[in-house]
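Take a look at the structure below.
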Amino acid sequence: MNRRITNKLATIVFVLCAAIMSITLVYLLGYILTSGLSYVDMDFLTSNSSSFQEGGGIKNQLWNSFYILVVTMIFSVPLGVLGGIYLAEYAKPGKLTNVIRTSVEVLSSLPSIVVGMFGLLVFVQYAGLGYSIIAGALALTVFNLPIIVRVTEDSLRAIPVKQKNASLALGITHWHTVKTVLVPAAFPGILTGVLLSAGRVFGEAAALLFTAGLSTRNLDFGTWDPFDSTSPLNPFRSAETLSVHIWKVNSQGIMPDLDAIANGSAAVLIIFVLIFNVTARVIGNMIFNKITGSK
Amino acid sequence: MSKAQNNEAVTHRLLKKNRSSAKRNERTGKIIVFTSAAIIIAATIAITLFLGYKGLKTFFVFDIDIWNFLTSTTWDGTSESGAFSFIFGSFAVTFLAALFAAPIGIGSAIFMTEIAKKWGQKVLQPVIEILVGIPSVVYGLIGVTVIVPLIRNHIGGLGFSLLAGMIVVGVMILPTITSISADAIKAIPIDIKDAAYGLGATRWQTIYKVIIPAALPSLMTAIVFGMARAFGEALAIQMVIGNVKGLPDSITDQAATLTSIITLDMPHTTYGSVHNSLLWSLGLILLVMSYVFIIIIRVVSSRRKI
């Protein structure tokens, strides 16, 4: 009966592992949401941040986070999707394809602080963009590109080859087939991946410290001329994002309510990241059910 | 010829037939996608070259002895500076974090896939995958507000310590390790599990003698992935480790890592100074290590049996 006892013991150990993990993770989310949300109200979301007084908000940081996210996606989605199409449809097994695959792997495993340093050197200094939204978005493109490439390639490979052949048999060229048959069929999968990566980009801070900068001007939400220095749309102004704000408040802040600001910002950040993730999951499941015909 | 092969052959023939008709359209498409692929290669090469150039400048332009740089523990921004304390800090945090995250992560993965399958895969796995996406500053913030005071009040020291860094990073890589491990265990063919159960093995015997050996290369890959993430993590560690520029005496002592020093010092150095150049060398170490992790992952996963 010895092995029965060992088996019971082992089961207890595994349950314990899972319990430790679940409790930690639930505690994490619960802590951030409960300690942060009490501070989040309309006033917090819609007022300017303050550097030393009490009662600062996160209006500009929140806007900057979304703006950088959008600009990053404008750069990285077309480039990543086209790169993924190349790998799935055009690349022939060989040295060049290996080099591309290795590049994607290298880019995806780079520490984000290294991407930030590269951005500082190339985009901020050499290209003369300074600390700006555009430099930040370019750095985040480097960081986001490999994810989009992978998602696109996987989604394209999941399409049944008969669907492609049907199009080719009608005399449609390969490129036209890619555009009109394959990409539309892979679109839901790509969308899921893009939303997941949006959650990551939204929360990224290390790559932005040296590229988008640590400060932001009080924006005038009445000026929509992109070249005005107080315009929210100006891509050449330095822009502190929400996650960078959390870091800065915590490590350099001197305002009396810095805990509340940091916790409140973290709660808002987490909520948006969760929205991106859950939406991606819901869309992914809907497509899965549609394709497999289950339910 | 199998059905799949047949379909492939059909694709090939159809492609060939088309080649004569709309050549120009086809060529434009090819150029567009190839350019994108080329940009990805160019970005990788540019990062390697620029970091290599800036990082090696320390040794070739400022004439700093490489050996001294790697072994000295004084860091004052002069040409006598060495990075050993930070290299030590980075490795210490990475290994200690993996030491507690790997067993718990793999244990949870086994729980999800072998013990409570329904609940594990319907509830636990989606939640864990969502947690992989939680930003690292949030982990750092929790470290500062919860873990640092906990260590200060119950274990001793200032709280900002190697231990705090290790816990924060360990918790951070836990979902990563669990999620990759769970996928690896799920990929094991059900036949070999059934064979073990059919021979009268208990669940533990099946896990220990069949599942773990079969999934071992993939489980190792999961751990290395987690370690790579831990090694490159910057802000979460920087917020809790204390950033003291010397070797720590104990696990509750303050320390610093490569990433935390770059984060902290980069904004305060002048472009082109020795101090600035030293930071680029630290960045180069991070880059080299991320290549090393890729090589380890390749070697480990090439041993995959299933």
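Note that this is a predicted model, so its numbers are computed, not measured.
- With a 4.5 Å cut-off on non-hydrogen atoms, A:Leu274 touches chain B through its side chain but not through its backbone.
- Here B:Ser290 is the residue among B:Ala43, B:Ala236, B:Ser290 with the most heavy-atom pairs under 4.5 Å with chain A.
- With hydrogens and angles ignored, the 3.5 Å screen pairs no side-chain donor or acceptor of A:Thr173 with any backbone N or O of B:Glu26.
- At a 4.5 Å heavy-atom cutoff, B:Tyr208 makes no contact with chain A through either its backbone or its side chain.
- The CD1 atom of B:Ile32 lies 7.0 Å from the CG atom of A:Leu82; values are rounded to the nearest 0.5 Å.
- Interface residue B:Ile110: only side-chain heavy atoms are found under 4.5 Å from chain A.
- If you measure heavy-atom distances from A:Tyr126 to chain B, the contacts under 4.5 Å come from the side chain alone.
- With a threshold of 4.5 angstrom between heavy atoms, B:Leu284 does not approach chain A through any atom at all.
- At a 4.5 Å heavy-atom cutoff, the contact between B:Ala234 and chain A is made by side-chain atoms alone.
- Within the 4.5 angstrom heavy-atom criterion, no atom of B:Phe231 approaches chain A.
- Looking at A:Val149, the atoms closer than 4.5 Å to chain B (heavy atoms on both sides) all sit in the side chain, from C-beta outward.
- Atom OG1 of residue B:Thr257 and atom CD of residue B:Glu233 lie 9.0 Å apart, to the nearest 0.5 angstrom.
- Using a 4.5 Å cut-off between heavy atoms, B:Ile106 makes no contact with chain A at all.
- If you check the side chains of B:Arg229 and B:Thr176, you find a donor sitting under 3.5 Å from an acceptor.
- Atom CD1 of B:Ile237 sits about 4.5 Å away from atom OG1 of B:Thr259, to the nearest 0.5 Å.
- Of the two parts of A:Ile20, only the side chain, counted from C-beta on, holds a non-hydrogen atom closer than 4.5 Å to a non-hydrogen atom of chain B.
- When each of B:Thr178, B:Ile142, B:Val171 is scored by its heavy-atom pairs under 4.5 Å with chain A, the top score falls to B:Ile142.
- Ranked by heavy-atom pairs under 4.5 Å with chain A, the first of B:Ala46, B:Ser136, B:Ala38 is B:Ala46.
- Residues meeting the ring pair (Phe, Tyr, Trp, His ring centres under 6.0 Å) test with A:Phe202, sequence neighbours left out: A:Phe66, A:Phe272, A:Phe276.
- Proximity to chain A (any heavy atom under 4.5 Å) is shown, for B:Ile104, by both the backbone and the side chain.
- Here the CG-OG distance, from A:Leu242 to A:Ser265, works out to 5.0 Å after rounding to the nearest 0.5 Å.
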